[in-house]
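Structure, as structure tokens:
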Amino acid sequence: MAKRESTFGNMLLALTVVTLISSASLGFVYELTKGPIAAAKLAKKNEALQSVLPEFNNHPVEEVYKKAVDGDTLYFFPARRDSQLVGTAVETFSPKGFGGTIRLMVGFLPDGTINNVAVLEHKETPGLGDKMDRKKSDWSVQFEGKNPKNFKLAVKKDGGDVQAITASTISSRAFCDAVERAYNSLMKGGQQ
Amino acid sequence: MNQWNNFSKGIFKENAVFVQVLGMCPTLGVTTSAYNGLGMGLATTFVLLMSNIVVSMVKGFIPDKVRIPAYIVIIASFVTIVELIMQAFVPVLFDELGLFIPLIVVNCLVLGRSEAFASKNNVLSSAVDGLGMGLGFTLALFMLGSIRELLGSGAWLGIKFIHGDGMLLFILAPGAFIALAYLIAIMNRVNRRNA
């Protein structure tokens, strides 16, 4: 193998050329995938909205409004059916997850009753905390149709009404924390 | 040089996971299911193949002292391309693998093949080597993922065989070490018999 002698000039030239070609090809691929990535994200959001809200026929994503709370942002998606408000989905979060921040989409009826909850993002332990996701278990069914006014959003161990996931009290607490944060800001004038 | 040898050594005699014990971070981290193992393996195979081809093409042009930074830039570019493409077309897999995709950059298997093979061989041999090594890696991850999914969730490729949970241990990190140790033991036995 013929080793090429390293001089300042040819090292500079080689690295410059390599990085230039790399960045040019990355820019090209980025432009190419920008559309599909945005479409995939939107499809995921719409799917989550449809699963947590009653039937609607407006475009909640276009009517989104947001509010900064506790160092992060809550997003509110009002759902209307023939211009009548049928519910609001709140994209909420909790920093208290076992593996970091968890993000949920919570659908509320106009009176504050929880319609349904979907997990958008979490890093909880597979097989334990990830049971909060409807794809893994039916744990989150217990929130459906409950109004936080008379349903205390805390695990039983902490004196609340939520049956925690076995061996995942921390994940369950974070889930309650996220739902409660959504409920509180929605009731505090989040309503349009 | 015999191209079949270049290809098959990556799968059996020099298998990255079972023999060289390289790339342990993704091997242990993402193999909670057979599907994840397969996805991670194929993503790594693509990066290995492309970076081997490019490194063997530019090997005469890169001065010796800056070869490592140059290889890393090449590898990192292909990893980012894989990441963007995955995010666009298989978002479900991307959500599962997420963090581990950028980590392919520091998978010592990829840099190892660039340095040990592609920088000394021609383009065709390097492509064959990258493909063989990558498929060997994929096979190892798929086997490990299958075992962990079968024992840990009682399922295979998402198809459930039992109701409820399996042995949780195998989904968690210690299970990865235990399953990998048994797999390496079995592979050693097989390789010794063939030798």
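Within every chain, numbering begins at 1; the chains are lettered A, B, ... in the order of the sequence lines, protein sequences first and strands thereafter. When reading the values below, keep in mind they use all heavy atoms of this one structure, side chains included, and skip hydrogens, waters and symmetry mates.
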Among the clusters formed by ILVMFWY side chains lying less than 4.5 Å apart, do A:Val155 and A:Leu104 turn up in the same one?
no

B:Phe94, part contacting chain A, at a heavy-atom distance under 4.5 Å
neither

side-chain contact (heavy atoms from CB on, under 4.5 Å) with A:Ser22: of B:Ile75, B:Val73, B:Thr80, B:Ile81, only one passes, and it is B:Val73

Grab the two heavy atoms, one from A:Ala40 and one from B:Ala88, that are nearest each other, plus how far apart they are.
CB-O, 4.3 Å

Go through the structure and list residues passing ring-ring contact (aromatic ring centres under 6.0 Å, His included) with B:Phe137, not counting sequence neighbours.
none

According to a hydrophobic-cluster definition based on side-chain heavy atoms being under 4.5 Å apart (Ile, Leu, Val, Met, Phe, Trp, Tyr only), do A:Leu26 and B:Ile85 belong together?
yes

Shared hydrophobic cluster, B:Leu172 / B:Leu183 (ILVMFWY, side-chain heavy atoms < 4.5 Å)
no

Let me know if A:Tyr30 has heavy atoms under 4.5 Å from chain B in its side chain, its backbone, both or neither.
both

Let me see the working for B:Val58 and A:Val18 under side-chain contact (heavy atoms from CB on, under 4.5 Å), right down to the final yes or no.
CA-CA 9 Å; B:Val58 300; A:Val18 167; 5.7 Å; no

Proximity breakdown for A:Lys41 and chain B, heavy-atom pairs closer than 4.5 Å:
side chain

How many angstroms lie between atom CD of B:Glu83 and atom OG1 of A:Thr33, to the nearest 0.5 angstrom?
10.0 Å

Would you mind checking which part of A:Lys34 comes under 4.5 Å of any heavy atom in chain B, side chain (CB onward), backbone (N, CA, C, O), both or neither?
neither

Spell out, yes or no, whether B:Phe46 and B:Leu22 are grouped together once hydrophobic residues are joined by side-chain heavy atoms under 4.5 Å, including indirect joins.
yes

So for atom NZ, which belongs to B:Lys9, do other residues, nucleotides or ligands contribute more than 12 heavy atoms lying within a distance under 6.0 Å?
yes

For A:Phe151, is the CZ atom crowded, meaning more than 12 foreign heavy atoms sit under 6.0 Å from it?
yes

Min side-chain heavy-atom separation B:Phe61-A:Val17 under 4.5 Å:
yes

Say you draw a straight line from CD1 of B:Ile74 to OG of A:Ser25; how long is it, rounded to the nearest 0.5 Å?
10.0 Å

Working to the nearest 0.5 angstrom, can you tell me the gap between A:Leu15 CG and B:Lys65 NZ?
13.0 Å

Flag if over 12 foreign heavy atoms under 6.0 Å of CD, A:Glu47
no

